[in-house]
Amino acid sequence: MPLIEVLADMEMAGVKIDLSLMNILSEELGKELSALVKRIYFLAGEEFNINSPKQLQEILFQKIGLRTIKKTKTGFSTDVDVLEQLSLEHELPKEILEHRTLSKVKSTYVDALPRIVNHKTGRLHTSFNQTITATGRLSSSEPNLQNIPIRGKWGQRIRQAFTAEKAHLLLSSDYSQIELRVLAHFSRDKGLIEVFKKDGDIHTRTASELFGVAPENVTTEMRRMAKTVNFGVIYGISPFGLSRQLGIAHDEAKLYIDTYFAKHSGVRNYVDKLISETSETGYVSTIFNRKRAIPELLSTNRNTRHLGERLVINTPIQGSAADIIKLSMLNIQKRLKKEKLGTRMLLQVHDELLFEVPEKEKDRAESLVKEEMENAVELNVPLKVDIGIGRNWAEAH
DNA sequence: GTTCTCACG
DNA sequence: ACGTACGTGAGAACT
Ligand SMILES: [Mg+2]
């Protein structure tokens with residue numbers, strides 16, 4: 001069965017939005033924003049368009065005289081990293097950051113989504129695109145429902161507005177660490193396989209290795225840094241990138257990376273071999289044989305070549321995770337139909353599926369979804385799926 | 001139409 | 001000596 005049939009059903013089903021909650025959020029955001037605007041004008045000593053990076057640059061770097069941190073093509077960056085650093089020296093950047101967060105949430109989600117709720121269905125219908133990404137992931141557009149906020153107070157409140165139909169619940173199921181499990185599978189690394197077979201905490205385990213302490217003595221801060229290292233491995237890590245990400249010295253970052261690869265020689269060998277093979281073949285493959293050409297690897301430009309190496313590392317991992325969740329979607333849809341359930345698949349967010357479930361079907365749907373996702377494919381480590389159920393998307397997480 | 005920024009995995 | 005984390009889509013400002 002082609003995936004497009006599943007995607008068509010999902011698009012037609014749509015997801016219910018609580019418009020009155022969205023209205024309340026819009027008003028609250030409006031009030032908070034006007035208060036912020038006043039404080040910003042006072043701190044800047046003049047009125048200007050806060051949403052204009054060009055005007056903001058003049059205020060920060062010329063009028064106030066704060067130091068520039070990084071360049072863009074056309075001037076000096078005012079992105080979140082820059083404003084966070086400048087916050088240590090002046091009050092204004094902190095207020096700008098808050099303003100950015102709130103205006104993003106208001107314009108992109110709280111005000112935009114209600115405008116495109118379908119009049120016939122009363123629901124929001126996205127398009128899932130199959131032929132956009134380079135890795136085999138889906139994308140979602142008009143509206144994009146794969147980047148709905150989740151972090152922070154406003155993220156939670158927006159997800160509360162994604163609700164279930166009367167007498168229904170939302171069920172969210174997401175793969176736990178699927179990309180690192182795929183890496184464990186491809187690399188056959190002993191340490192990675194061991195921790196996933198024991199269902200251990202991968203970031204705590206990595207922290208224990210990097211900092212040379214027992215797992216029970218890993219601090220929150222050590223675990224946070226190890227999590228960044230684990231992400232770095234999936235993206236094709238470099239000392240420069242890791243040092244920037246963690247805000248630590250280049251040498252310290254290099255030490256973590258060297259330690260990681262010393263403890264995970266399986267990953268080291270896998271990555272080295274894959275890069276050299278790809279230099280010969282010109283492409284990488286996912287677990288179900290999706291291919292991506294990597295011409296960047298043969299570039300005469302060193303930066304482009306390094307980009308090629310990162311793509312060689314990342315694409316089979318990200319692409320295989322995409323293959324796996326797609327197969328699980330097909331299997332779930334077949335069973336829902338065959339077993340005549342009223343549960344409907346609504347959204348896919350890369351490692352998560354969202355369903356609308358008749359209240360009475362809750363337990364059956366949960367076990368069906370968990371079973372199909374965890375058994376979509378047999379890797380040399382288990383796949384693990386977490387499930388949450390609630391009246392809205394925030395509660396289901 | 002391009003640039004910058006920022007939301008998500 | 002060089003300079004970046006991988007994959008997306010959308011809003012606002014500006015040209
Ligand atoms: Mg997850």
Side-chain angles (χ1 to χ4, degrees), chain A residues 48-57 70-83 96-97 99-113 115-116 126-129 131-152 154-155 158-159 174-180 182-183 228-246 250 253 257 284 292 294 296 300-319 321-322 325 347-353 393 397:
Chain A
F48 66 104
N49 186 342
I50 304 165
N51 292 319
S52 163
K54 189 159 166 276
Q55 293 181 37
L56 181 61
Q57 280 170 56
K70 63 181 173 190
K71 287 182 178 173
T72 65
K73 277 184 192 172
T74 58
F76 296 106
S77 174
T78 65
D79 72 13
V80 60
D81 282 348
V82 169
L83 293 181
I96 301 283
L97 277 171
H99 185 276
R100 284 248 177 99
T101 303
L102 298 194
S103 60
K104 175 78 172 183
V105 160
K106 186 169 190 290
S107 65
T108 308
Y109 305 102
V110 172
D111 289 346
L113 295 179
R115 281 189 220 124
I116 47 181
T126 185
S127 294
F128 285 108
N129 313 300
T131 56
I132 297 291
T133 71
T135 57
R137 276 187 173 183
L138 300 178
S139 82
S140 158
S141 58
E142 294 179 293
N144 182 356
L145 295 184
Q146 290 182 320
N147 73 344
I148 300 302
I150 184 170
R151 298 159 196 160
W154 293 103
I158 288 172
R159 287 202 175 207
D174 79 289
Y175 280 113
S176 167
Q177 306 297 352
I178 188 170
E179 294 193 340
L180 286 169
V182 167
L183 176 63
T228 303
V229 171
N230 281 330
F231 272 108
V233 171
I234 291 169
Y235 295 151
I237 203 167
S238 77
F240 190 91
L242 185 65
S243 70
R244 269 198 85 240
Q245 196 68 28
L246 284 176
H250 182 274
I257 293 170
V284 289
R292 177 181 181 177
I294 315 281
E296 292 88 348
T300 54
N301 179 298
R302 191 188 174 91
N303 287 331
T304 306
R305 222 161 47 236
H306 280 153
L307 170 63
E309 293 180 0
R310 295 195 297 274
L311 298 177
V312 166
I313 297 167
N314 179 258
T315 299
I317 298 174
Q318 188 182 120
I325 195 170
L347 298 179
Q348 188 249 46
V349 192
H350 311 305
D351 69 347
E352 172 189 7
L353 298 175
W393 203 1
H397 255 280

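- At whole-Å resolution of the value, CZ in A:R310 and C1' in C:dC6 are 9 Å apart.
- Nucleic acid contact for A:T78: sugar-phosphate only, since backbone atoms but no base atoms lie under 4.0 Å from a heavy atom of the residue.
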Heavy-atom contacts, protein to nucleotides 8-15 of chain C, under 4.0 Å, summarised as B (base), S (sugar-phosphate only) or - (none) per nt, yield SBBSSSSS
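- Projected onto DNA chain C by closest heavy-atom contact, A:L307 and A:R302 fall at different nucleotides, the more 5' of which corresponds to A:R302.
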Strand DNA chain C in bracket notation, Watson-Crick/G-U under 3.5 Å with | for pairs to another chain
.....|||||||||.
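- As rounded to the nearest Å, B:dT5 and C:dT4 have P atoms that lie 14 Å from one another.
- A salt bridge links A:R137 with A:E179: the distance from a Lys NZ or Arg NE/NH1/NH2 to an Asp or Glu carboxylate oxygen falls below 4.0 Å.
- Listed by chain and number, the residues in a side chain to side chain donor-acceptor pair (under 3.5 Å) with A:Y109 are A:N147 (sequence neighbours excluded).
- Residues meeting the side chain to side chain donor-acceptor pair (under 3.5 Å) test with A:T135, sequence neighbours left out: A:Q318.
- As judged by a 4.0 angstrom heavy-atom cut-off over every strand, A:G232 is placed among the base-contacting residues.
- Side chains of A:T126 and A:S140: a donor-acceptor N/O pair is present below 3.5 angstrom, by distance only.
- Taking the side chain as every heavy atom from C-beta outward, A:L138 and A:Q146 approach each other to under 4.5 Å.
- When heavy atoms are screened at a 4.0 angstrom cut-off, A:R292 is found touching the sugar-phosphate backbone but no base atom.
- Remark: P of C:dT4 and CD of A:E296 are 16 Å apart, rounded to the nearest angstrom.
- Contact annotation for A:I150: backbone-only contact, meaning every heavy-atom pair under 4.0 Å involves sugar-phosphate atoms and none involves a base.
- As rounded to the nearest Å, C:dG3 and B:dC8 have C1' atoms that lie 26 Å from one another.
- Here A:I237 lies in heavy-atom contact (under 4.0 Å) with a base.
- Partners of A:S141 by side chain to side chain donor-acceptor pair (under 3.5 Å), not counting sequence neighbours, listed by chain and number: A:N129.
- The CD1-C1' distance, from A:I313 to C:dT4, rounds to 12 Å in whole Å.
- Nucleic acid contact for A:I148: sugar-phosphate only, since backbone atoms but no base atoms lie under 4.0 Å from a heavy atom of the residue.
- Here chain A contacts DNA chain B (any atom closer than 4.0 Å to a heavy atom, that is under 4.0 Å), and the contacts span B:dT3 to B:dG9 from 5' to 3'.
- A:T228 comes within contact range of at least one nucleobase, with a heavy-atom separation under 4.0 Å.
- Taking atom CD1 on A:I234 and atom P on C:dC6, their separation rounds to 13 Å, with Å as the unit.
- Side-chain contact between A:F231 and A:I237 is absent, with no heavy-atom pair separated by less than 4.5 Å.
- A 4.5 Å side-chain heavy-atom check between A:I313 and A:I234 finds every atom pair outside the cut-off.
- Atom-to-atom, CG of A:N301 to P of C:dG3 comes out at 9 Å; the value is rounded to the nearest Å.
- Residue A:K104 holds its NZ atom at 4.0 Å from OG1 of A:T108, rounded to the nearest 0.5 Å.
- Using modelled atom types, one finds a donor on one side chain and an acceptor on the other under 3.5 Å when comparing A:E352 with A:H397.
- For the pair A:W393/A:I158, no side-chain contact is recorded, criterion being any heavy-atom separation below 4.5 Å from C-beta on.
- Among the heavy atoms of the strands lying under 4.0 Å from A:V80 are primed sugar atoms or P, OP1, OP2 only; no base atom is included.
- Within the 4.0 angstrom heavy-atom criterion, no nucleotide atom of any strand lies near A:S103.
- Between the side chains of A:R100 and A:T78, at least one donor-acceptor pair of N or O atoms lies under 3.5 Å.
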